[in-house]
Structure formats: C-alpha cells, structure tokens
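Read through the structure below, which is laid out as structure tokens, and then see the notes.
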Amino acid sequence: MASLQCKHYHDEEYDPCLFFATYMAADKDPSKMQVVEYPIKVLRDIFSSGLVKGDTLIDLTVSSAYILILAAADYFDNIILLQPCESDEQDAHKWLNKEAGAIDHSHLTTFVCGLKGECLEWKEHEEKTRRAIKQIVRWDITKDNPLGDVVLPQADCVLSGGYLDFVSKDHEMYLKLLKQICSLVKIGGHLILIGLLNMTYYMVGQHKFSALTYNEEFVRKSLASNGFIIVRSGKEKNRYNSDLMDYEYVAYFVAQKDREV
C-alpha cells in the first residue's frame, strides 16, 4: 500500500456510513468478516451462559453498526446507545425509526439469528432490538462530562467495541476515556471490551486513519487500575493479510466491577 498520512477518527473525512460499507457490507469478504463474526459469537456465548446478565446495558461502539446490540437484545430489556459523533447519532435514530436512508443491517441480523437455533425471522429480531433500545444519547468527549446534562443510572453491563482503539490518540487518552466508561458500570456489574491488539491503522474508503497501538497486558493493567477483575477473556489471531487494517488479534475482555476507584 502506498504510504498515506494518517487521519484521525474526529477528522471530517471519517464517515460512519462509509466505515460500515468498508467493513460490514454484505460482500462476505473473509478479511472483513473476522472482525464482525468473532465478536458476535463471543457475545452470544457470554450472554447465553449467564455470565453477564441484568436489565440495563449501555453500548458505546464506533460506526453506524448495531451488530453488538443485535446479539444483546435477547438478554437485556433496557438498552442505551451512546453515540460518539453527530452522524452516528443521526443514523441510529434513522434505523430505530425505520426512516428512509437508514443503513441496512439485515445480513448481520440474519447471522445473529443463525447462531440462535430457534431463530426468529430476521425482521422480528430487529423489531425486538428496537423495542429494547430505550435511549440514544450523544457521547461528546470534547466536554468534561461526555454525557453533558444527561444523567444515566449505572448499568448492569457496559459494552464497548472498537471505540477506544479508534478514538484514543494516545495511551493517556485511552485511560481517561476508560475511566469515564468504567464509571457507567454498577458495583458487581460487567464491562465487556472488544478491541484489536497491536493495530496501527485502518482504512475508511481511500482514507487511512491512525489507531491506538496497545497489547493485552496494557488492557489488563488498565482494567485492574479502575477496580475491575477480569473474569473471562480471549483472542483470535488475524487470519488475513489485508490492507484494510493491520491488527494482530481481535480480543475481548469481560471484567466485573469490584470497587469504585
């Protein structure tokens, strides 16, 4: 790949719809599907095992993608979506209200349904997911409190997929954002982090974006310093040599909040 100067998530060239088209479109490119299918399978296993349960789940995930929420909708009745940019927030409302121009997630919903065995028809599962979503809230890191004036109850589970990888400019920023995310979890509740280890960049269309490079030990120490105990984790090695992104592993960490810090 020709060398390109890396942009950042909050640059105007970041287009969540183009991100979705690049990585989650229904083209069955195996190099893309690994970062989609592996997290869904992991979440399905975590929730169906009863390891993580409760009423309220807060999701903070990059892009206009509800793949993780599709996997959670069978287990949580009160789902709150935190949207990290204005375009994500607009697309979330479009999908929730079934407006014209909303991103089509049907192929992802069909995949989630295929894991269930006694699957609902995909349209029914999307309706179930919509009913579970009770709030869509802007998460604005330009503010001291990213939630602004919105006050949310601490959740049984907070789920974050890829957010810290793409948004954090350095390790200090990662730790600051992680601390804010951890504050959303109640004592005894769980944080599920899904991330891409040892990644340096990812592509959105023709634009090259920088990603935070970190390893497994960094995540483990970061969670421990915020009062969390890791109860399950795993990773899958990148099986493809793709120019789209250069991660080494897609990984997950399930951590239980032991104390406030």
Side-chain angles (χ1 to χ4, degrees), residues 15-53 57-81 83 87-134 136 157 159-163 192 194-196 202-205 234 236 238-240 242 244-245 247 250-252:
D15 180 344
C17 292
L18 184 56
F19 182 95
F20 186 92
T22 302
Y23 294 100
M24 302 172 197
D27 59 9
K28 296 298 182 182
D29 181 340
S31 67
K32 302 176 185 179
M33 294 309 295
Q34 184 177 11
V35 297
V36 176
E37 294 183 353
Y38 178 72
I40 292 176
K41 291 176 180 177
V42 163
L43 288 174
R44 178 71 188 169
D45 181 60
I46 291 168
F47 294 139
S48 63
S49 72
L51 176 65
V52 176
K53 55 188 176 182
L57 179 144
I58 295 174
D59 173 71
L60 177 57
T61 298
V62 296
S63 170
S64 304
Y66 314 111
I67 54 172
L68 305 184
I69 292 306
L70 291 168
D74 285 324
Y75 304 95
F76 293 88
D77 296 325
N78 180 31
I79 294 176
I80 300 167
L81 299 183
Q83 297 299 310
S87 53
D88 277 348
E89 185 179 12
Q90 291 171 348
D91 287 329
H93 281 288
K94 280 184 180 180
W95 184 82
L96 186 64
N97 298 319
K98 296 189 283 189
E99 297 176 10
I103 290 177
D104 179 10
H105 298 78
S106 59
H107 61 292
L108 299 175
T109 314
T110 299
F111 177 75
V112 173
C113 286
L115 298 176
K116 294 171 63 175
E118 76 277 351
C119 175
L120 293 170
E121 201 268 343
W122 71 264
K123 289 184 179 179
E124 294 179 56
H125 188 72
E126 287 202 348
E127 287 306 306
K128 183 176 186 177
T129 304
R130 288 185 174 95
R131 290 193 298 270
I133 297 172
K134 300 301 192 292
I136 297 175
C157 176
L159 172 60
S160 185
Y163 173 76
I192 304 175
I194 298 171
L196 299 166
Y202 62 101
M203 301 296 296
V204 179
E236 183 174 86
N238 185 354
R239 302 191 301 268
Y240 306 97
S242 171
L244 287 175
M245 54 173 58
Y247 69 94
V250 54
Y252 74 92

Polar side-chain atom of [X] near backbone of [Y] as donor-acceptor pair, under 3.5 Å:
| X | Y | result |
| --- | --- | --- |
| His107 | Met24 | yes |
| Thr129 | Leu70 | no |
| Asp104 | Ser106 | yes |

Validation row: [X], [Y] side chains within 4.5 angstrom (heavy atoms):
| X | Y | result |
| --- | --- | --- |
| Gln83 | Asp91 | no |
| Arg130 | Trp95 | yes |
| Tyr252 | Ile46 | yes |
| Glu89 | Leu81 | no |

Specify the closest pair of heavy atoms between [X] and [Y], including all atoms of both residues, with the distance to one decimal.
| X | Y | value |
| --- | --- | --- |
| Val62 | Gly162 | CG1-O, 3.9 Å |
| Val250 | Pro39 | CG2-CG, 4.3 Å |
| His125 | Cys113 | CB-SG, 3.7 Å |

Please determine whether side chain to side chain contact (heavy atoms under 4.5 Å, CB included) holds for the pair Ile69 and Leu57, giving the CA-CA distance in whole Å, both sets of side-chain angles, and the decisive distance to 0.1 Å.
CA-CA 9 Å; Ile69 292 306; Leu57 179 144; 3.7 Å; yes
Working to the nearest 0.5 Å, report the span between [atom1] of [X] and [atom2] of [Y].
| X | Y | atom1 | atom2 | answer |
| --- | --- | --- | --- | --- |
| Thr22 | Met203 | OG1 | CE | 8.5 Å |
| Lys41 | Phe111 | NZ | CZ | 5.0 Å |
| Ile40 | Tyr38 | CD1 | OH | 13.0 Å |
| Tyr247 | Glu236 | OH | CD | 7.5 Å |
| Ile58 | Ile79 | CD1 | CD1 | 11.0 Å |
| Ile80 | Ile136 | CD1 | CD1 | 11.5 Å |

Using the side chain to side chain contact (heavy atoms under 4.5 Å, CB included) rule, take Asp88 and Phe19 through it: C-alpha gap first, then chi angles, then the decisive distance, then the call.
CA-CA 11 Å; Asp88 277 348; Phe19 182 95; over 6 Å; no
Side chain to side chain contact (heavy atoms under 4.5 Å, CB included) between Lys123 and Glu127: does it pass, once the steps are laid out?
CA-CA 6 Å; Lys123 289 184 179 179; Glu127 287 306 306; 5.7 Å; no
Please test Leu43 against Ile194 for side chain to side chain contact (heavy atoms under 4.5 Å, CB included), starting from the C-alpha separation and ending with a verdict.
CA-CA 10 Å; Leu43 288 174; Ile194 298 171; 4.2 Å; yes
Could you label the plane-to-plane angle of the Phe47 and Phe76 rings as parallel, tilted or perpendicular, counting under 30° as parallel and over 60° as perpendicular?
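Geometry flag for Phe76 against Phe47: perpendicular rings.
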